[in-house]
Amino acid sequence: MTIRLYDTSARQIRDFIPLTPGCVSIYLCGATVQAAPHIGHIRSGLNFDILRRWFTYRGYDVTFIRNVTDIDDKIITKAAEQGRPWWSIGYENERAFNDGYQALGCLPPTYEPRATGHITEMVEMMRGLIERGHAYESEGNVYFDVRSFPGYLELSNQELDNLLQPSADGETGKRDSRDFAMWKAAKPGEPSWETPWGRGRPGWHLECSAMAHKYLGSAFDIHGGGLDLIFPHHENEIAQAKAYGDEFAKYWLHNAWVTMANEKMSKSLGNSVLVSEMVQRWRPIVLRYYLGTPHYRSMIEYSEEALREAESAFARIEGFVQRVVEKAGGPVEPAAEVPLAFAEAMDDDLGVPQALAVVHTTVRQGNSALAADDKEAAIARLAEVRAMLGVLGLDPLDPHWAGESDRGEDLHGVVDTLVRLVLQQRESARARKDWPAADAIRDQLNQSGLVIEDGPDGPRWTLGPR
């Protein structure tokens, strides 16, 4: 099967044909580190982590770049408000983002460049664009002349005559209000770097064009990011890179937002849910299930109820995994290949919801095998489930999740001993046919957060959803 992806620039699903056979190059717009991440920020990292894992499963050698924007207007504003160095705020929040990615099981990028480490590359790109007539210096700023690039606005499908280009304070001397800043002249007290046009700092759009060129060359396969980046950021990246002479990205992928009350989750709107807070309230693997299993182009409307549903759904998968491992008497290795239906769903524009349906169907088949005491069939289904969950980054037996799945390994033995004493009392009540007493014990255990399951080998307990 050929992997097919929705290309924003083509406005349709296209067959993926890599520039270099067997290799995939991906550039993802990463964090702007003016504040700690909310779950909307991390969703993008999760979606592209799953894409990367699927390419790897399909046998591709993946180069994955996720940048860090560590200098921009918002970071400078925060630094002034808090009376702290700009780089201190940037580094603190960069670490918070990486903690969030790591907590939710995202693989580290191949390279994670910071914007401030690539001023030389930005100056070279600006010099080339000025020489080609696509950019100009004015009052210490460097602007891109949007009228000089005929393909401008093709990604966002806008008309130049109707364009309203976002501008910040200090962007003076433009020939046309629609031109955008590549370099901003230094202001007193702000960070700046020396250039042939005077001291200043980079514009947001220039940073990514220069870093993509450095790490992936003049042409690469996939450029990704959130829907909100299509304009102005990605549109302006394309203009700079292509006017410079690069072919730039062959495919453009954009993930949808996490919303609250139908509005994009945003710190400025006061409706964000910080990752650092969420991982204290919910198991990180459940958060990954919640954020990573909807289709990447579908909006996620945040709610506690939806998270509880995700927790219950994952608990069914995890319970099956635990039961088969106990039945097998040890680890069960993932299958070499995922089921065909799962692969077909993933190949079709990363159809994770349809792929997840295959996981749950396989879990039901495995539970039926357990009920029939068919050990061999149950183990085979678990092997398939582990292969599929591995692609999604949700395998509870993966070493990454080993320390969190039981919610306190150090207390497990103590709790197990106490629960078994209570279950013995329940078994004694059942033996003397005192059904009300047996049911009461079971109900009390359920109310305490334990799930009791009766099987051919006797009762067993697991922690249920909160």
Side-chain angles (χ1 to χ4, degrees), residues 280-287 289-290 304-332 356 359-386 389 394-398 401-466:
Q280 299 301 316
R281 298 168 51 203
W282 302 89
R283 294 172 56 201
I285 197 169
V286 169
L287 282 176
Y289 185 98
Y290 171 67
E304 293 279 322
E305 181 182 358
L307 260 166
R308 284 192 291 271
E309 290 174 358
E311 184 179 47
S312 297
F314 186 73
R316 292 192 292 272
I317 296 173
E318 194 171 34
F320 164 71
V321 173
Q322 293 170 347
R323 287 190 291 274
V324 179
V325 168
E326 290 177 7
K327 188 77 170 178
V332 174
L356 191 65
V359 174
H360 282 286
T361 296
T362 309
V363 166
R364 288 193 293 271
Q365 293 169 347
N367 282 328
S368 296
L370 284 172
D373 202 23
D374 188 343
K375 179 179 176 180
E376 184 176 338
I379 289 174
R381 298 295 79 73
L382 175 56
E384 292 172 346
V385 167
R386 286 202 66 194
L389 293 179
L394 288 168
D395 181 1
L397 300 181
D398 185 281
W401 305 112
E404 70 98 29
S405 62
D406 52 37
R407 307 180 206 170
E409 181 64 34
D410 54 337
L411 293 176
H412 188 277
V414 175
V415 175
D416 183 65
T417 299
L418 294 174
V419 173
R420 291 193 180 281
L421 287 172
V422 178
L423 289 176
Q424 287 176 10
Q425 295 175 4
R426 177 171 173 261
E427 289 302 296
S428 297
R430 294 178 60 168
R432 62 178 184 269
K433 297 187 178 182
D434 187 352
W435 309 119
D439 291 343
I441 292 172
R442 178 170 182 152
D443 291 344
Q444 288 174 349
L445 289 172
N446 287 337
Q447 290 172 11
S448 71
L450 300 177
V451 175
I452 309 303
E453 298 174 283
D454 294 310
D457 300 323
R460 65 187 302 278
W461 68 271
T462 56
L463 285 171
R466 65 194 66 213

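The analysis underlying the following values was restricted to heavy atoms, covering all of them including side chains, and did not include hydrogens, waters or symmetry mates. All values derive from a computational prediction rather than experimental measurement.
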Interatomic distance, CG@Asp398 vs CD1@Ile285, rounded to 0.5 Å, equals 8.5 Å
Please list all pairs passing the salt bridge (charged side-chain N to carboxylate O under 4.0 Å, His left out) test where one or both residues lie in residues 435-446, with sequence neighbours left out.
-> Arg442-Asp454
Given the options Asp374, Asp373, Val332, Lys327 meets side chain to side chain contact (heavy atoms under 4.5 Å, CB included) only with Asp373
Grab the two heavy atoms, one from Ala429 and one from Ala438, that are nearest each other, plus how far apart they are.
-> CB-N, 3.9 Å
Specify the closest pair of heavy atoms between Glu384 and Thr362, including all atoms of both residues, with the distance to one decimal.
-> OE1-CG2, 3.5 Å
Given salt bridge (Lys or Arg N to Asp or Glu O under 4.0 Å), test Glu311 with Arg308 step by step and report yes or no.
-> CA-CA 5 Å; Glu311 184 179 47; Arg308 284 192 291 271; over 6 Å; no
CZ of Arg381 to OG1 of Thr361, rounded to nearest 0.5 Å, is 12.0 Å
Can you list every pair that meets ring-ring contact (aromatic ring centres under 6.0 Å, His included) and has a residue in residues 305-330, with sequence neighbours left out?
-> Tyr289-Phe314
The salt bridge (Lys or Arg N to Asp or Glu O under 4.0 Å) partners of Glu309 (sequence neighbours excluded) come to none
Closest heavy-atom contact between Trp282 and Leu287?
-> CB-CG, 4.1 Å
Got a sec: does the CD of Glu305 have more than 12 other heavy atoms crowding it under 6.0 Å?
-> no
Hey, are the side chains of Pro396 and Leu389 touching, using non-hydrogen atoms and a 4.5 Å cut-off?
-> yes
Nearest non-hydrogen partners of Ile379 and Ala328, listed with the distance | CD1-CB, 3.7 Å
Going from CG on Leu397 to CZ on Arg386, what distance comes out if it is rounded to the nearest 0.5 angstrom?
-> 4.5 Å
Working for side-chain contact (heavy atoms from CB on, under 4.5 Å), residues Arg426 and Gln444 = CA-CA 11 Å; Arg426 177 171 173 261; Gln444 288 174 349; over 6 Å; no
Cut-off 3.5 Å, side chains only: do Asn367 and Arg316 have a donor facing an acceptor?
-> no
Are any non-hydrogen side-chain atoms of Leu382 and Val325 less than 4.5 angstrom apart?
-> yes
Minimum-distance pair of heavy atoms, taken over all atoms of Ala378 and Leu370 = CB-CD2, 3.8 Å
Residues Ile317, His360; criterion side-chain contact (heavy atoms from CB on, under 4.5 Å); working and verdict = CA-CA 7 Å; Ile317 296 173; His360 282 286; 3.6 Å; yes
